[in-house]
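I have placed the structure first, in the form of structure tokens, so that the comments after it can refer back to it.
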Amino acid sequence: RSRSSNASIAEESDKFVVPDWLKPIIGYIKLLHGQADHKEGDHGNIVTKLFEGLGYTLIEEIRSQRGRIDILISVENRPLITVEVKRDWNLSESNTDYVQQAFNYSHQIGTRFVVVTNGDRFLVYDRTQGLRSDEMLLAKFELTKLDDGGLQSLESLKRSELSNENI
């Protein structure tokens, strides 16, 4: 009897439901995957949509192309997140050039958080969590292969989740 109840618990935990607000964004990613001529700006458009879904306002808080920074998330005119967008579908933390580039931009502007992304894969860093980038890596997830842990990491970037002490 306990065996069957354990099985049903495991089956239920395997079922991940994508939140409605995220479904169109995942649809855009899948469309972009099918385009051979996709550009970095297309990936940036998806990231902008994602941050809108996370509660940030376009233009006021989501700012594109600030100097060499692809996307800057600012709250109350204070820089919070530096986002480096790449078109590379194989993006990972082993792409040290991408990560270093994002950290350089973050250092220049003074953001606490650094995101390196292709619009699907996300690497999220907190510059206060160590001295090396591997120590600062808070989360990595893919929107098209999201699970509960990935969704929790994504939702930690919501505007409502980042308190004033994080800014």
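None of these values were measured; they are calculated from a predicted model.
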Which distance, rounded to the nearest 0.5 Å, do you find between the [atom1] of [X] and the [atom2] of [Y]?
X: Asp120; Y: Leu32; atom1: CG; atom2: CG; result: 9.5 Å
X: His38; Y: Leu31; atom1: NE2; atom2: CG; result: 12.5 Å
X: Arg78; Y: Ile73; atom1: CZ; atom2: CD1; result: 15.5 Å
X: Tyr28; Y: Asp42; atom1: OH; atom2: CG; result: 12.5 Å

Hey, does [Y] have a side-chain heavy atom less than 4.5 Å from the side chain of [X]?
X: Glu84; Y: Tyr105; value: yes
X: Thr117; Y: Leu123; value: no
X: Val114; Y: Ile81; value: no
X: Val85; Y: Val83; value: yes
X: Lys49; Y: Glu52; value: yes
X: Thr57; Y: Ile62; value: no
X: Ile29; Y: Ile46; value: yes
X: Leu154; Y: Leu22; value: yes

Margin query: Tell me whether the count of non-hydrogen atoms from other residues, nucleotides or ligands lying under 6.0 Å of NE2 in His107 goes above 12.
Written below: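 Not buried by this count: 12 neighbours or fewer within 6.0 Å.
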
Check: Quick check: are there more than 12 heavy atoms from other residues, nucleotides or ligands sitting under 6.0 Å from CD of Gln152?
Finding: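 Incorrect, the count does not exceed 12.
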
Margin query: I'd like to check the ring-ring contact (aromatic ring centres under 6.0 Å, His included) partners of Trp21; sequence neighbours left out, ordered by chain and number.
Written below: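 Applying ring-ring contact (aromatic ring centres under 6.0 Å, His included) to Trp21 gives none.
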
Check: Just by distance, with hydrogens left out, do Trp89 and His43 show a side-chain donor and acceptor under 3.5 Å apart?
Finding: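 No donor-acceptor contact under 3.5 Å links the two side chains.
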
Next item on the list: Answer with yes or no whether the side chains of Asp97 and Gln101 bring together a donor and an acceptor at under 3.5 Å.
Entry: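 Looking only at side-chain atoms, Asp97 and Gln101 do not form any donor-acceptor pair under 3.5 Å.
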
Which heavy atom of [X] sits nearest a heavy atom of [Y], and at what distance?
X: Val99; Y: Ser133; answer: CG1-CB, 3.9 Å
X: Pro79; Y: Asn77; answer: CD-O, 3.9 Å
X: Leu143; Y: Gly119; answer: CD1-O, 3.5 Å
X: Gly44; Y: Ile71; answer: O-CD1, 3.8 Å
X: Leu80; Y: Thr111; answer: O-CB, 3.4 Å
X: Ser106; Y: Thr82; answer: CA-OG1, 3.4 Å

Checklist line | Lys23 and Asp20 ion-paired at < 4.0 Å | finding: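 So Lys23 pairs with Asp20 through a salt bridge.
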
Item checked: Pairing of Arg121 and Glu142 as salt bridge, 4.0 angstrom limit ->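 Judged by the 4.0 Å cut-off on N to carboxylate O distance, Arg121 and Glu142 do form a salt bridge.
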
Next item on the list: Among residues two or more places apart or on two chains, list those pairs meeting salt bridge (Lys or Arg N to Asp or Glu O under 4.0 Å) that have a residue in residues 60-72.
Entry: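 Checked against salt bridge (Lys or Arg N to Asp or Glu O under 4.0 Å) - neighbours excluded - the pairs reaching residues 60-72 are Glu61-Arg159.
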
Check: Restricting to pairs with a member in residues 124-134, which pass salt bridge (Lys or Arg N to Asp or Glu O under 4.0 Å), not counting sequence neighbours?
Finding: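 Those involving residues 124-134 are Arg112-Asp126, Arg132-Asp134, Arg132-Glu135.
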
Item checked: side-chain contact (heavy atoms from CB on, under 4.5 Å) between Asn118 and Asp88, worked out -> CA-CA 6 Å; Asn118 59 17; Asp88 182 355; 5.7 Å; no

Notebook entry, point to check: Can you list the steps and then say if Asn95 with Ser92 is a side-chain contact (heavy atoms from CB on, under 4.5 Å)?
Noted result: CA-CA 6 Å; Asn95 296 114; Ser92 75; 3.8 Å; yes

Path from [X] to [Y] over hydrophobic side-chain contacts below 4.5 Å:
X: Phe51; Y: Ile26; result: yes
X: Leu54; Y: Leu151; result: yes
X: Ile109; Y: Leu162; result: no
X: Tyr56; Y: Ile25; result: yes
X: Leu58; Y: Val75; result: yes

Next item on the list: Decide side-chain contact (heavy atoms from CB on, under 4.5 Å) for Val115 and Tyr125; before the verdict, give the C-alpha distance in whole Å, the side-chain angles of both, and the deciding distance to 0.1 Å.
Entry: CA-CA 6 Å; Val115 173; Tyr125 298 88; over 6 Å; no

Check: Can you list the steps and then say if Phe122 with Leu50 is a side-chain contact (heavy atoms from CB on, under 4.5 Å)?
Finding: CA-CA 11 Å; Phe122 284 77; Leu50 179 73; 3.3 Å; yes

Item checked: Ser156 (side chain) donor-acceptor with Ser153 (main chain) under 3.5 angstrom ->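 Yes: the side chain of Ser156 pairs with the backbone of Ser153.
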
